[in-house]
Amino acid sequence: MASAAPRRLESYVYGAWTAGKGDGLPLLDAGTGETVALIDSKGLDFAEVLHYGRTVAGPKLRAMSFHERAAMLKALGLALMEKKEEFYAESFRTGATRADGWVDIEGGIGTMLTFASKGRRELPNTRILTDGNVEPLSKDNSFSAQHIYAPLQGVAVHINAFNFPIWGMLEKISPTLLAGVPAVVKPASQTAYLTELMVRRIIETGLLPEGALQLISGSVGDLLDHVTGQDVVTFTGSAWTGRKLKAHPAVIANSVRFTMEADSLNASILGPDATPGTPEFDLFVKEVAREMTVKAGQKCTAIRRVIAPRDHVDALVKALGDMLGKTALGLPDDETTRMGPLASLHQRTEVRERIQDLLSDAEIVAGNPDNVRVASGDAERGAFLNPILLYADDPFGAFKIHDVEAFGPVSTVLPYDSIEEAVELARLGKGSLVSSVFTDDPKVAEEVVIGVAPFHGRVLVGNRRSAKTSTGHGSPLAGLVHGGPGRAGGGEEMGGMRGVKHYMQRTAVQGTPRLLSAVTGRWIEGADVQHGEHPFRKSLAELKIGDQLMTAKRQVTLDDVEHFAHFTGDTFYAHMDEAAAKANPFFDDRVAHGYLIASFAAGLFVEPNPGPVLANYGVDNMRFLTPVYFGDTVQVRLTCKEINPRENANHGEVRWDCQVTNQKGEIVAQYDVLTMVAKIWPPAQTQEAAE
């Protein structure tokens, strides 16, 4: 029976799935060499792709709040997780084992869900972000300034690498969409069939506004000719290609934001205290072996340079050689396989050529690049390559090992004679995504981290105490920055909400507090206020920014301070010893406890009866500014500062500006009070019962 014809990949652009008009480039199964799909983008109108994203999806995304976009990402992530087995089946064709696929598929979806969660927890339910504090520009509060972040009104073009066809897309589009910017994804051709499958499933959910995500299967043609200063371009791949794209005339002329993740000669350092037999030595061996074999070493974060004390090199090489020699190489869907093939035969040829380059500075101490041994599959039809470990005895006299990346299961052991040399060897990589050090010595950890941090986007410290919980050297995490300086591209992705701001413009806005408050959705000093019913009696449906309460006054007495001191155990001398307090340069006499003042303030502004305020869940930025002495009188001004309704919940968060003053009008304390407030009060069930 004749095998089915390979499918033609399609692009999803300007609202429809569209096949290219060319013959198509064949894409081969990494393990069997069979043709999986044909890819081609000939005939696409790339200018229209960008225009469609800007004009159709952009306004819809920007009309949504951060919480609405976060809820959208959560729903999408959950929907994709239900279809994960379909993605795993296709992932095998890329050369990924089940474990490799987990990093790509569930790791990618998990990244999307993390951004959704952090967006709901860390961002306001608004359409812009405030950045930093208000800058007063006049003594009478009539003129102020506030930095804000607003979403760019262009499109984010994401040009991705072949090694993570799902994670590489999702980790980029998650912060992009959360920021309110449409995305155009161009996956690397070799594994684009897996990306195309996921985009199909994303579009089928109907959860994204039309045009929020477009896919180009094949070359991007003249797309970069049409980018503007409101667009963003991100690239993951070779430094040569990245530099070429970054130098595109339109990118330069329009000052287009360009983020690049390129070659990275990541290093891992074995501390001098991590001698053979210690937990750190064993952990180091396992980590290096894992980073060489996961995804067949095709990870931008994989360990390329293994830096170890010269006295321990022989033991390390033997331990690594033994472990790597037991790695079962074979077809990705074979349950006994521990390492699958490279992504393509072309990639295997490329890695073999880079190994030859490295041999000018090093020698092979484990493995043979020309003698492939497989437990399953065809060693020649599949892109198989056993792990290769090299050793360079003179790492400071070698140049290739600090300049050439063999993007596969290849690492080079480099000896050092002092911790200073270890740090210098790591720096010779000229900038990397990640470095790690395995040590249980605090001084070694301090010296290495401080020494290598300026050259790396992330540094992991591994030891026996974190062994069970550590995410490892090679795992980028949604909450941490991913990128690196120098040859690593000089870019930065993810990093939690830092990544969202990459797709937004920071702007300083000046004006009267009343108008600035209207722009930001946050009350600031000098903006309008409203008095009336106690604001704690108002639900979110009734509460307004600027609702304010001026409380009664309360005098602070000696008995108050004495009672608070003995009741809490806080008998600090400034509160209890007159002579010692007067000797303090900050005080004229004994002073009231700051927390006593905060407690009195709560007693003054609280509304004790059951009502829409459900809980007080914190205090931010508390500062005690003026000492309170016996006989002083305090009063509280409480102002509704920010309202954040939660999506799909019956409550929201309210931030209150709390200012405590004395009888002279001096500010005694200033802080934000955080409360949970019901959207409707009384609750619906109570209303129904009353009726």
Side-chain angles (χ1 to χ4, degrees), residues 130 132-136 139 141 144 513 522-527 529 531 534-536 546-608 613-642 644 653-677:
T130 56
N133 296 322
V134 174
E135 298 285 344
K139 291 183 178 180
N141 286 323
S144 302
R522 172 182 276 209
W523 182 85
I524 63 176
E525 190 71 44
V529 297
H531 295 95
H534 195 301
F536 278 17
D547 281 354
Q548 190 176 87
L549 171 70
M550 293 295 298
T551 72
K553 300 177 181 179
R554 174 166 182 166
Q555 188 177 59
V556 180
T557 68
L558 171 64
D559 288 342
D560 291 331
V561 175
E562 294 276 355
H563 174 74
F564 189 83
H566 293 299
F567 183 70
T568 63
D570 182 356
T571 55
F572 183 63
Y573 74 86
H575 311 306
M576 308 303 292
D577 186 325
E578 181 179 346
K582 288 182 176 180
N584 187 308
F586 295 108
F587 306 126
D588 299 328
D589 205 336
R590 290 172 63 183
V591 296
H593 305 70
Y595 296 117
L596 170 62
I597 300 306
S599 298
F600 280 176
L604 288 169
F605 68 66
V606 74
E607 212 295 326
V613 175
L614 306 176
N616 179 331
Y617 71 94
V619 170
D620 278 353
N621 306 315
M622 179 177 279
R623 296 291 184 272
F624 301 114
L625 304 173
T626 303
V628 175
Y629 300 104
F630 307 142
D632 282 355
T633 299
V634 295
Q635 183 180 28
V636 181
R637 187 198 71 185
L638 188 75
T639 311
C640 180
K641 187 174 186 177
E642 186 176 6
N644 282 311
E653 291 96 6
V654 177
R655 180 179 293 268
W656 307 83
D657 180 87
C658 183
Q659 186 182 94
V660 186
T661 55
N662 62 18
Q663 68 278 5
K664 300 177 184 179
E666 299 168 325
I667 299 176
V668 168
Q670 183 90 42
Y671 49 95
D672 288 353
V673 176
L674 311 176
T675 62
M676 295 285 191
V677 179

First locate atom CG of Leu604, then atom OG of Ser599, and finally report the distance between them rounded to the nearest 0.5 Å. 11.0 Å
Are any of the side-chain nitrogens in Asp657 or Arg637 under 4.0 Å away from the carboxylate oxygens of its partner? yes
What I want to find out is whether Asp588 reaches Lys582 closely enough, with some N-O distance under 4.0 Å, to be called a salt bridge. no
Taking side chain to side chain contact (heavy atoms under 4.5 Å, CB included) as the criterion, tell me which of Asn644, Val654, Leu614 meets it with Val677. Val654
Main chain of Asp570, side chain of Thr568: is a donor-acceptor contact present, judged purely on distance under 3.5 Å? yes
Does atom CZ of Phe586 have more than 12 heavy-atom neighbours, drawn from other residues, nucleotides or ligands, at distances under 6.0 Å? no
Under 4.0 Å between a Lys/Arg side-chain N and an Asp/Glu carboxylate O for Arg590 and Glu578? no
From Phe567 atom CZ to Leu596 atom CG, the distance as rounded to the nearest 0.5 Å: 12.0 Å
Any side-chain to backbone donor/acceptor pair from His531 onto Leu549? Under 3.5 Å, distance only. no
Working to the nearest 0.5 angstrom, can you tell me the gap between Tyr573 OH and Phe587 CZ? 7.0 Å
Scanning both residues in full, the closest heavy-atom pair of Pro513 with Ser144 reads CG-OG, 3.8 Å
Has the side chain of Thr675 got a donor or acceptor atom that lies under 3.5 Å from a matching backbone atom of Val613? no
Atom pair CD1 (Ile597) and CE (Met622), whose distance is rounded to the nearest 0.5 Å: 11.0 Å
Roughly how far, to the nearest 0.5 Å, is CD of Gln548 from CH2 of Trp656? 11.0 Å
Minimal non-hydrogen separation, Val660 against Ala601, with atom names: CG2-CB, 3.9 Å
Smallest heavy-atom separation, Trp523 atom then Gly546 atom, equals CD1-CA, 3.8 Å
Side-chain heavy atoms of Glu653 within contact of Glu642, under 4.5 Å: no
Exactly one of Arg554, Gln555, Gln663 should register a side chain to side chain donor-acceptor pair (under 3.5 Å) with Asp632. Which one does? Gln663
Quick one: SG on Cys640 to CZ on Arg522, what's the gap to the nearest 0.5 Å? 11.0 Å
From Val561, Val591, Asp559, residue fulfilling side chain to side chain contact (heavy atoms under 4.5 Å, CB included) relative to Phe630: Val561
Tell me the closest heavy-atom pair linking Ala565 and Thr571, and the distance in Å. O-CG2, 3.9 Å
Show the nearest heavy-atom pair for residues Thr661 and Ile667, with the distance to one decimal. CG2-CA, 4.1 Å
Is the backbone N or O of Gly618 less than 3.5 Å from a side-chain atom of Asn616, with the two atoms forming a donor-acceptor pair by type? yes
Heavy-atom distance under 4.5 Å between the side chains of Asn621 and Gln670, does that happen here? no
Flag the pair Thr633 / Asn662 as yes when at least one side-chain heavy-atom distance between them is below 4.5 Å, and no otherwise. no
Would Lys664 and Thr626 count as a side-chain contact (heavy atoms from CB on, under 4.5 Å) if you check the C-alpha gap in whole Å, the side-chain angles of each, and the deciding distance to 0.1 Å? CA-CA 11 Å; Lys664 300 177 184 179; Thr626 303; over 6 Å; no
Counting only heavy atoms not in Asn133, do more than 12 fall under 6.0 Å of its CG? no
Which label fits His534 and Phe536: parallel for a plane angle under 30°, tilted from 30 to 60°, or perpendicular past 60°? tilted
Any side-chain heavy-atom pair from Val636 and Gln659 closer than 4.5 angstrom? no
Proximity of Tyr671 and Phe624 rings by center, below 6.0 Å: no
